[in-house]
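In what follows, chains carry the letters A, B, and so on, assigned in the order in which the sequence lines appear, proteins first and then strands, with residues in each chain numbered from 1. Since the model is a prediction, treat every value here as computed from it, not as a measurement.
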Amino acid sequence: MSDITIKLPDGTQKVMPSDSTALSLASSISRNLAKAAVSAVVDDREVDLSTPLNHGNVVQIITVDSEAGRHVLRHSTAHVMAQAVLQMYPGAKYTIGPAIENGFYYDFDLGDRVFTEDDLSLVEDTMRKIIAANQPFVRSEIPVSEALVLFASQSYKCEIIARVTGGGADSVDNAEVGGSGDSVSIYRNSDEFVDLCLGPHVASTGRLGHFKLQKVSSAYWRGNEKGPVLQRIYGTAWESKAALEEYLHRLVEAERRDHRKLAVELDLLSFPSELGGGLAVWHPKGAIIRKLMEDYSRARHQSGGYQFVFTPHLSNATLFQTSGHLDFYADGMYPPMEMDNGTYYPKPMNCPMHCLIFRGRQRSYRELPLRLFELGTVYRYERAGTLHGLMRIRGFTQDDSHIFCTQDQLQSEIISLLDFVMSVLKAFGFEDFSFHLSTKDPVKYVGSDEIWETATEALVSALDAHGVSYSVKDGDAAFYGPKIDIHVRDAIGRTWQLSTIQCDFNLPERFDLEYVANDGSRQRPIMLHRALFGSVERFFGVLVEHYAGAFPTWLSPVQVRILPVALAHEDYAQAVATTLSAQGLRVDISEASDQLGKRIRTAKLEKIPYVLVVGDEDVSAQTVGVNARGADVERGVSISSFADRVLTEISFSDI
RNA sequence: GCCGGGUUAGCUCAGUGGUAGAGCAACCGCCUUGUAAGCGGUUGGUCGUGGGUUCAAUCCCCACACCCGGCUCCA
């Protein structure tokens, strides 16, 4: 047999024996590569390492420390978990078990049984035995008729086979099983366990091991809330013990930053159950921060050419019939109040009211773009199970603006908005942005295709002209128009969707909005909906998590705490406090009734940016001892230089 | 809304079919303190709400409210 030539991703060619596999290729390159290899991409198809190679193949070896490699590892671990569960719970039906970001899950139908947290370690034990047995994953393709016999007792598998071979498969199905019409691929790793699967998998179960089962929950079969409820186990799996531990540490870190926990600890706000779910009350310290956020926002909008408006919390139902919201979102609105002069709803959004302001009198093209801004509080009856601290809440305040402009102004308006958004978010400490374009939902939309095309084109051309890169989310738009969502990355790498810019040709039509053009004709304005924080509450929650409660000085409820060493220094502490307060700083004093160490500790736990200690030396020298958050102690700093330093730190150049 | 788990002092959490306990916090003393918990004492709870079972319910059962983990949803 003659040798074959294989191309590598870097363009080099390699001559191999004709019976070579992806694994032998890896071995021929280096021992370490062979050791790290979990799968390969051959001519753009992801395959097992055992796959035979052919002359001319382009082959990339996937290693376990890459995202693609971890994906294989996680998917294989999911198989082992399913194997363990089937072993331990006779009669269980297995459904699908994909790899996901950071891990995997598998969904089971256990009949009336449910998993408990205690089951997890038992399942883990069984998995470890399967891993220790080092069972090889063997792929085969079998005819559909044979597969239906093999999985005869597994109704979910039969359903998947029917969909894949019947042409009704979706991406979930296709990820589960390779279907070429009359055959399906399966992976078997022992006499007792076989699963429908596209693959690839690691060579054998012994390759796995750095995993942890995390939680049990439920999920709907195929995401359909009318369908069967399945039992899901989530797990995580990594290429090494260190990587697993690092990930688990990240989870602990995320928990430490949980805004719901910090809101209690720092006395920022609460969700009294007497109020009802998803409704918050802001305590004084939280309110200070919120007010500063709002003040900053107002200042930026003021200088950004916005006009401030206010609108009520209630409206007659006819308004929301006109806007179309009642047709689409009646379920998400608080129920109507029947009054003697009509039916009223708490407002779920501000835009219809801003339309009324625009329509309040005749408008000229000279007024455009007209930018109306409001910190508008809205109420949405979010389903009970979806509430989540400040991130998903039923009463919230949008930093909401509606910009009415001409077709000609649209692109430049969007471009300047992109700058405005980033500039405002940067002030709150976010540096890393990503952009996402959402296009028309094929079902939930109003307006003609032409209008949608024009609007989408406007957003695309603005994004292109601005020069930012973006991803596209098909079908994710609001019912009235396409949108750009802006996500930020936080201090521990998580992303949050905050800002949104939505292009709307529909509401102007529904409200019959017009302006007089320079030729005297009546024209329809285009409307942009946009919010930067999104919701003040949610943005606040994100800030808490981003800073782990240690807000930057300008936002801290208490900026400076003064600790007199002993009783004798309290007068001096008071004098320092008066001096700093007079310069606009938020200062308090912790009296000498407790030991200094304890007061330091308390102040640190409250994450106060500056703790000043004053004792005999400071009284005589008119200085303070400065403990800046996260920094070493500085003794003998003059009061004025401390004040200058903090005032410089908290000043803004852009307002 | 669905599945599962919860709700005990301001906070974090023990505990029991015979109406409850710790630590921290708060308050009162003592100590007068130079960088992450000094000492002693006191106060504080209709055991989420409403029904039921029981001689007796915080505990067992039911309903509801709220919270948590997911699913679904998110104008």
Side-chain angles (χ1 to χ4, degrees), chain A residues 105 107 110 113-118 214-234 258 260-261 264-265 267 270-279 320 323-333 347-352 378 380-389 391-394 398 441 444-446 476-481 483 497 500 502 504 507 529 531 534-535 538 563-570 591-605 611-618 625-627 632-636:
Chain A
Y105 67 80
D107 286 346
L110 298 184
R113 262 198 92 138
V114 294
F115 288 123
T116 67
E117 299 286 338
D118 298 336
Q214 295 169 289
K215 51 196 168 199
V216 298
S217 68
S218 70
Y220 298 111
W221 169 234
R222 297 176 60 74
N224 174 8
E225 61 180 316
K226 305 268 189 307
V229 176
L230 305 172
Q231 291 287 304
R232 174 174 295 182
I233 298 179
Y234 282 96
D258 190 319
R260 295 167 300 183
K261 193 168 149 247
V264 174
E265 284 175 13
D267 196 16
S270 60
F271 292 88
S273 57
E274 293 87 338
L275 270 183
L279 298 168
F320 301 121
S323 70
H325 288 93
L326 264 177
D327 290 339
F328 286 97
Y329 297 105
D331 287 349
M333 291 167 67
K347 68 172 168 180
M349 82 299 300
N350 305 300
C351 28
V378 299
R380 298 180 182 178
Y381 196 76
E382 303 287 0
R383 297 165 83 182
T386 64
L387 300 174
H388 182 91
M391 301 307 179
R392 194 74 177 272
I393 192 173
R394 285 186 175 143
Q398 298 176 308
D441 184 316
K444 247 181 158 179
Y445 73 97
V446 295
D476 227 29
F479 74 89
Y480 47 71
K483 61 177 177 172
Q497 184 195 317
T500 185
Q502 307 176 350
D504 184 358
L507 280 187
H529 307 239
S535 120
R538 183 181 146 82
L563 311 187
V565 171
L567 269 176
H569 313 119
E570 286 192 353
E591 290 171 0
S593 51
D594 275 317
Q595 281 196 316
L596 184 63
K598 172 141 183 189
R599 287 177 285 145
I600 294 271
R601 176 184 150 81
T602 303
K604 297 278 185 195
L605 290 176
V611 179
L612 303 185
V613 174
V614 293
D616 285 335
E617 296 167 26
D618 298 296
V626 179
N627 300 260
D632 291 337
V633 177
E634 302 163 64
R635 295 280 293 268

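- Following rounding to the nearest Å, R599(A) (CZ) and rG38(B) (C1') show an atom-to-atom distance of 12 Å.
- The partner of rG38(B) is rC30(B), judged by Watson-Crick or G-U wobble contacts that both fall below 3.5 Å.
- Taking atom C1' in both rU8(B) and rG45(B), the straight-line distance is 8 Å, to the nearest Å.
- If you check rU43(B) for Watson-Crick or wobble pairing at under 3.5 angstrom, you find it has no partner at all.
- A perpendicular orientation is assigned to the rings of F479(A) and H325(A), their planes being inclined by more than 60° (bins at 30° and 60°).
- Atom CZ of R232(A) and atom CZ of F115(A) lie 12.0 Å apart (nearest 0.5 Å).
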Contact letters for nucleotides 67-75 of chain B, in which S counts primed atoms plus P, OP1 and OP2 and B counts the base, heavy atoms under 4.0 Å: SSBBBBBBB
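- Straight-line distance between the C1' atoms of rU72(B) and rU19(B): roughly 43 Å, to the nearest whole Å.
- Residue D618(A) contributes atom CG, which lies 15 Å from atom P of rU33(B) at whole-angstrom precision.
- With both pairing distances under 3.5 Å, rG4(B) is matched to rC68(B) as a Watson-Crick or G-U wobble pair.
- The nucleotide rU54(B) finds no pairing partner, because no Watson-Crick or G-U wobble arrangement with both distances shorter than 3.5 Å includes it.
- The CD-C1' distance, from E570(A) to rU33(B), rounds to 12 Å in whole Å.
- Distance Q595(A) CD to rG29(B) P: 18 Å, rounded to the nearest Å.
- To the nearest whole angstrom, the two C1' atoms, one in rU49(B) and one in rU12(B), are 24 Å apart.
- Spacing of C1' atoms, rC62(B) relative to rC11(B), comes out at 32 Å, to the nearest Å.
- Distance, D107(A) CG to rG4(B) C1': 14 Å, rounded to whole Å.
- With a 4.5 Å cut-off on side-chain heavy atoms, L279(A) and F271(A) do not count as touching.
- Regarding L605(A), its CG atom lies at a distance of 11 Å from the P atom of rA25(B), rounded to whole Å.
- The separation of rA20(B) from rC13(B), taken at their C1' atoms, amounts to 14 Å, rounded to a whole angstrom.
- From K598(A), atom NZ reaches atom CD1 of I600(A) across 13.5 Å, with rounding to the nearest 0.5 Å.
- Using a 4.0 Å heavy-atom distance criterion, K598(A) is classed as a sugar-phosphate-only contact.
- Here the separation of rG1(B) from rG48(B), taken at their P atoms, is 22 Å to the nearest Å.
- Between the NE2 atom of H569(A) and the P atom of rU33(B) there is a distance of 8 Å, given to the nearest Å.
- Pairing for rG23(B) is with rC11(B), a Watson-Crick or G-U wobble pair whose two hydrogen-bonding atom distances lie under 3.5 Å.
- On the C1' atoms, rU58(B) is 33 Å away from rG40(B), given to the nearest whole Å.
- Considering only side-chain atoms of V565(A), the nucleotide from rG34(B), rC66(B), rU32(B) that sits closest is rG34(B).
- Counting atom types as modelled, D594(A) pairs no side-chain N or O with a base atom of rG38(B) as donor and acceptor under 3.5 Å.
- Taking a pair to require two hydrogen-bonding distances under 3.5 Å in either a Watson-Crick or a G-U wobble arrangement, rA75(B) remains unpaired.
- Judged by distance alone, the side chains of Q502(A) and T500(A) do bring a donor and an acceptor atom under 3.5 Å apart.
- rG18(B) and rA25(B) are spaced 33 Å apart, taking the P atom of each and rounding to whole Å.
- Side-chain contact check for V565(A) versus D616(A): every heavy-atom pair is 4.5 Å or farther apart.
- Among the atoms of the strands shown, only primed sugar atoms or phosphate atoms (P, OP1, OP2) are found under 4.0 Å from some heavy atom of V114(A).
- Taking 4.5 Å as the limit, every side-chain heavy atom of Y105(A) sits out of range of all side-chain heavy atoms of S217(A).
- Positionally, the nearest nucleotide of RNA chain B for Q231(A) lies more toward the 5' end than for the other of Q231(A) and V613(A).
- Of the nucleotides present, rU49(B) is the one that pairs with rA63(B) by Watson-Crick or G-U wobble criteria, both distances under 3.5 Å.
- Comparing rC3(B), rU35(B), rC11(B) by their nearest atom to the side chain of V229(A) picks out rC3(B).
- For N350(A), the side chain to side chain donor-acceptor pair (under 3.5 Å) partners two or more places apart in sequence, or in a different chain, are K347(A), Q398(A), D400(A).
- Taking atom CD of residue E265(A) and atom C1' of nucleotide rA25(B), one finds them 13 Å apart after rounding to whole Å.
- Applying the side chain to side chain donor-acceptor pair (under 3.5 Å) test to E617(A) and every residue at least two apart in sequence or in another chain returns R635(A).
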